[in-house]
Amino acid sequence: MAGPLSRAGALPAIRPVALPRDRIGLLALDTSFVTDRIYAVQATAASFTLVEQAVAPPIRKAFPLEDELGDDRLWQQGFVAETGDALAGFVALRYEAWNRRAAIWHLYVAPAWRGRGIGAALLAAAEDFARTAGARMLWLETSNVNYPAIQFYQRMGFVWCGLDQSLYDPGGDAAGETALYFSRPLG
Ligand SMILES: CC(C)(COP(=O)(O)OP(=O)(O)OC[C@H]1O[C@@H](n2cnc3c(N)ncnc32)[C@H](O)[C@@H]1OP(=O)(O)O)[C@@H](O)C(=O)NCCC(=O)NCCS
């Protein structure tokens, strides 16, 4: 499924993930982000508002994949961006037949490759899979602190469609964060 740029040799090719063969490459992928701004969630009795807010020092977070690649994984289909000797990106999703929605579970591009269209190319591969499966929309969850990813998703046409202030375990890595949901219809 190589796009025009990868055919020209400028960017990694996109192909379906192959497990367990890709496990080592996926575990080597740097999934982290750093941000000096977040979306603070302001709530009233009848509304929620996202307010852009600076944070100092910057927040750095990563998404460990160790527990996400086994036979008990919850995603159904994945695609990787392959550079030859390494993986530059990964997307994984699951089609939910009951409401015909495809949920993006993972999307990461290695820092050295960011800003070169790989995230968009991975999303396009996920979209093709979702369409073929019969999905009417793509849907995803991210955190209110992942400001860079939210910019990316909005640029890709996703719209904020909900939130959950109780999703994350107060004893876990995402304590105090709010889950934000974004969706994009598949025309
Ligand atoms: C979010 C992420 C996947 C984007 O991948 P990417 O390869 O850098 O994105 P692309 O180069 O395909 O960008 C596509 C568009 O989004 C825009 N974009 C990407 N990141 C952006 C950012 N931080 N701020 C503003 N716009 C951004 C690009 O400018 C581009 O716009 P264009 O179409 O006008 O050129 C990548 O930054 C990443 O892996 N982040 C860390 C992991 C993460 O947080 N994943 C999401 C978990 S929910």
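Start at 1 and go down the list; that is how both ligands and their atoms are numbered. A quick note: this is a predicted structure, and the numbers were derived from the prediction, not measured.
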CG of L93 to CG of L122: how many Å apart, nearest 0.5 Å?
11.0 Å

Determine whether the side chains of Y147 and E52 contain a donor N or O and an acceptor N or O closer than 3.5 Å.
yes

Could you tell me the separation between the CG atom of D164 and the CD atom of E177, rounded to the nearest 0.5 Å?
13.0 Å

State whether the shortest distance between N or O atoms of L107 and N or O atoms of ligand 1 falls below 3.5 angstrom.
yes

Protein contact to atom 37 (O) of ligand 1 [nearest heavy atom, distance to 0.1 Å]:
R114 CD, 3.4 Å

Under-4.0 Å heavy-atom contact with ligand 1, by part of S143 that carries it
neither

Residue-level breakdown please: for Y153 versus ligand 1, do any non-hydrogen atoms fall below 4.0 Å on the side chain, on the backbone, on both, or on neither?
side chain

Hey, does the Lys NZ or Arg CZ of R94 hover above the aromatic six-ring of W75, less than 6.0 Å from the centre and inside 45° of the axis?
no

So which heavy atom in the protein is nearest atom 47 (C) of ligand 1, and how far is it from that ligand atom?
N146 ND2, 3.8 Å

Which option, F152, Y108, W105, owns the non-hydrogen atom nearest atom 18 (N) of ligand 1?
F152

How close does the nearest protein non-hydrogen atom get to atom 39 (O) of ligand 1, and which residue and atom is it?
V109 N, 2.7 Å

Just distances here: any N/O of G117 and N/O of ligand 1 closer than 3.5 Å?
yes

Is it the side chain, the backbone, both or neither of R155 that has a heavy atom closer than 4.0 Å to ligand 1?
side chain

For ligand 1, which atoms have a heavy atom of P148 less than 4.0 angstrom away?
22 (C), 23 (N)

How far does CH2 of W113 sit from CG of D30, to the nearest 0.5 angstrom?
14.5 Å

Sub-4.0 Å heavy-atom contact, F63 with ligand 1
yes

Hey, looking at atom 8 (O) of ligand 1, which of G119, G115, A110 has the closest heavy atom?
G115

Does ligand 1 have an atom under 4.0 Å from some heavy atom of H106?
no

